[in-house]
S.K.: 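Below is one structure. I have some questions about it.
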Amino acid sequence: MSTLSSKYEPQAVEDKWYQYWLENNYFHAEPDPEKEPYSIVIPPPNVTGVLHMGHMLNNTIQDILIRKARMEGKQACWVPGTDHASIATEAKVVRMLREKGIKKSDLSRDEFIEHAWEWREKYGGIILEQLKKLGASCDWERTAFTMDEGYYKAVIRVFVDLYKKGYIYRGLRMINWDCEAQTALSNEEVIHKEDDEKSILYSVKYQIKDSDDFVVIATQRPETIMGDTAIAVNPKDERHQHLIGKKALVPFINREIPIIGDDYVELDFGTGCLKVTPAHDQNDYDIGQRHNLEVIDTINLDGTLNEKCEIPEYVGKDRFAVRKQIVKDLKAADLIVNEEEFITKIGRSERTNTVVEPKLSLQWFIKMIEISRQAHQAVMDDEVVLYPAKFKNTYNHWMENVRDWCISRQLWWGQRIPAYYYGDNEDDFVVAETESEAIELASTKTGRSIATKDLKQDEDVLDTWASSWLFPQAVFDGFNDDCFDVEKGQIIPGKNKDLDYFYPTNTLVTAPEILFFWVARMIIAGYEYTGKKPFKDVYLTGIVRDKQRRKMSKQLGNSPDPLDLIKEYGADGVRTGMLFSSPAGNDLLFDIKLCEQGRNFSNKIWNAFRLITNWEIDENASNPDNQFALNWFEARFNQALVELEDHFSKFRMSDALMTVYKLIWDDYCSWYLEMIKPPFGEKIDRKTFDATIKLQEKLMKVLHPFMPFLTEEIWQQIDDRNPEEAIIISKWPEPDSFDQILLDEANLAFEVVSNIRNLRNSNNLSPKEQLELKVVTKDKGAFKNSTSAIKKMANLSTLEFVDKKPDNCMSFVLQSGEFFVPITGEIDVEAQKTELQKELDYQRGFLNTVQKKLGNERFVNNAPEQVVAAERKKLADAEAKIKALEEQLKKLG
RNA sequence: GGGAUCUUAGCUCAGCUGGUUCAGAGCACCUGCCUUACAAGCAGGGGGUCACUGGUUCGAAUCCAGUAGGUCCCACCA
């Protein structure tokens, strides 16, 4: 008996084949003019990251695309890499140091960076190693890192170039400041808790200048009163219109501030009067810009108040302490007219949980409108195609309202901004790739000799996205001295073999959350630096959620460890499990059962293969009866292949997998193999065997992108008669034309078989008991090739065509005939009758609707001829069927 | 508040330019089976007013309008 286990054991083969692929360098691709290129750049995961379910989905899809392309004979190159992820990594390093008792503030910049590199050496590779377990066929020789020396230089070069082109400027901007960690936060690091954050809204009286009247404003931050530079009301507000143009006095310090009209103010919130504190609120800042208001920053970096608040007893105290204090003082002065609780969505720092302080500071920006124009148009014109298409709208909306991009971050880990200051004025700086260039530039600019010690480089680093937006060119070293023209600020074609060949890349597979952060910006950089798009298609995956639709997250603990899953179900099982429920662009509701389904599928295939390998071959025998099965499956395969290509072309990965799944499980295993399977103990003829092996091989090929390990294992076991050395580089089957008539005949045959099986079931007849079948039909041709297959599959002793309807039979009616199975034992007449009656009722109902349609003159006159003709045929068929059913019912009494 | 998008079987989803692949798939469920590849399996079966209300049309799951509900993105109420 078999030497193969009846259970497929992925653990035993996966590492072996991955190693084999690596050793043979199958993943590596060099430019080859003979071949069509196909390239993908990975969305680089955070260098500190650990593989999660989102990565699994994302990388499975990329691997499928790249493996298919490779088999199609393209030069397939999938470039892997990691992102230095400045904020996330720096936070991790800080935490790690803290655990060792080292404070970041005690370290110099260089010392800290050194620690960060150590960290990255130690943990940076983990996620890529994990990808290997998944089977990812990345070109590891090309592994990139956004802080690699060459990449670093590219980022700096681009900064300098954009500065020279006038796209980069320095400006004031309201940022999220973490007073505890003393750093700026990106919006993503600020958590807005909606639920139970309660605050008090105070109504405070401000005296109107030169009168005894007051204006009452509402605020939840009375400690910022001293930074007020205006009071705003809505110009449409009849209650307050008359105040516009007057002046009010800030409590305690009695500074005069104007009362202005601005649409921003809501009529029905608070008192309808808003105190404007441009230094400590984004909206107030915007209002300040519109009305040229002064900005008075009363809060220090650590959250205490400074001298500008003008009240000595508040200076140096924490903002929240001052809040309590000033409320007391305002009450004492009888200036608070109302207090009410309300629920606020205050922002807190993800890291320290302190309330984020909006703060104005000088930051670096990229002007976006002009530079993004072509990238905007490219997507609108489908030059770059988004899948699913609905994201085109989102993209459009964003690009139409694009805002300048703040690219500086108050961190150390990242590309340091190459601006060098030589004086105290805001404009006393130069931007240069290197310090020596900076010295030169500064000397020229100032007309005096500037030395290293006179220069101070900007302390900030660049936003991570300001490096990863160059990924598609930078991974091919597109900004090096040879191919980057510094004068033009462009990458010159013909100077970089890799870039000339692999760029533009073909497909980008990523998450919709970063459509703007990353995808849009890559398109912008692509056009800016190469004049070309960076990729043709963008496939946006969904978010992996649990069964309750909750996002998978560490905090919730609802995310399984992908490596554990791989251990349990095999990489192939997990890959297919992810894909079973992930229609393009929809969220994926992950359920462990899907991995189980994937594993079961592996096992099914394994056992089909086991069946074949156990057959003994008779070199001399021939079995013409098998020809039908062979011809049919060939046709069916080609039909499925056309379907498969269609799904692939539309990035319907889940449907593509399902096509292969059904082809293998239903068509191949349940029908084809059962049709050609020799009776127990008998040998199979050579011709059928060889043909079957060929089919198995073809099936393994179309399955390979989805299940690389299992298919390679089977391929390698099939033996060496095949000249193709490994399935990973074997040739993808070409779709061929197929015989529809043959497929129709088979479908009819299968229906007959199913009906007979059904009769067995409902009459408790064993599948082992042989039955006879008598067929009354006008169209014997419909069974021309399939009779022996029907006999075998339905376990019939005879199948004959008769003219007269036999008695004492179970029966059923199909499109072109009536089918009778003589019965020796007891038949369940009632069951038969209900079956037939049910069918009869259905047919009569159907007939009714068709008659109605055809009775409608307007239908007959207006509908296209074929539609009417089809309707007439339906009518005739239904009438014939009804007649047959009625007769059979009559016979049963 | 602005925008996008969705609502089809118990669940997750297909369903292209309105008409035979128009009511589908996978899973789940039910009934028989340990039949010599596979119980991680085999055979069979039952599930749906296509969210609701109108309209256009000879004909609507499909097109239009409105209603209800869901999801996402952006901006956020001092």
S.K.: Using atom C1' in both nucleotides, what's the gap between B/G19 and B/G32 to the nearest angstrom?
M.R.: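 Comparing C1' positions in B/G19 and B/G32 gives a spacing of 41 Å.
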S.K.: Mind listing the closest non-hydrogen atom pair of A/R636 and A/D667 along with its distance?
M.R.: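 Here A/R636 and A/D667 meet closest at NE-OD2, 2.7 Å.
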S.K.: Quick one: on RNA chain B, does A/R221 or A/D666 contact a more 5' nucleotide (nearest heavy atom)?
M.R.: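 Its nearest nucleotide lies further toward 5', so the answer is A/D666.
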S.K.: If we take the C1' atom in both B/G3 and B/A40, what is their distance in whole Å?
M.R.: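 Approximately 47 Å lies between the C1' atom of B/G3 and that of B/A40.
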S.K.: Given the P atoms of B/G26 and B/G41, what is the spacing between them in whole Å?
M.R.: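 About 14 Å, rounded to a whole number of Å.
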S.K.: Considering every strand shown, what is the Watson-Crick or G-U wobble mate of B/C27 when both distances are under 3.5 Å?
M.R.: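 Pair assignment: B/C27 / B/G10.
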S.K.: Hey, is the side chain of A/Y668 poking within less than 4.0 Å of OP1 or OP2 on B/C38, counting only N and O atoms?
M.R.: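 False: A/Y668 side-chain N/O out of range (4.0 Å or more) of B/C38 OP1/OP2.
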S.K.: Distance check, P atoms only: B/A23 and B/C27, in whole angstrom units.
M.R.: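 After rounding to an integer number of Å, I get 23 Å for this pair.
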S.K.: Are A/D646 and A/K650 ion-paired here, with the side-chain N under 4.0 Å from a carboxylate O?
M.R.: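 Between A/K650 and A/D646 there is a salt bridge, with a charged N closer than 4.0 Å to a carboxylate O.
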S.K.: Closest approach to the side chain of A/F680, judged atom by atom: which nucleotide of B/G26, B/C38, B/U36 is it?
M.R.: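 That would be B/U36.
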S.K.: Provide the distance between the two P atoms, one in B/C33 and one in B/U17, to the nearest whole Å.
M.R.: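 One P to the other, the span is 49 Å.
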S.K.: When the P atoms of B/U49 and B/A68 are compared, how many Å lie between them, rounded to an integer?
M.R.: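 Result for the P pair: 25 Å, nearest Å.
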S.K.: I'd like to know if A/E596 pairs up with A/K593 as an ion pair, taking the criterion as any Lys NZ or Arg NE/NH1/NH2 lying under 4.0 Å from an Asp or Glu carboxylate oxygen.
M.R.: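 No, A/E596 and A/K593 are not salt-bridged.
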S.K.: Considering only the P atoms, how many Å lie between B/A43 and B/U36, rounded to the nearest integer?
M.R.: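 Nearest-Å result for B/A43 against B/U36 at atom P: 15 Å.
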S.K.: I'd like the C1' distance from B/U7 over to B/C52, given in whole Å.
M.R.: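 That atom pair is separated by 11 Å.
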S.K.: State the pairing partner of B/C76; accept Watson-Crick or G-U wobble contacts with both distances under 3.5 Å, and report none otherwise.
M.R.: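 Pair assignment: B/C76 / none.
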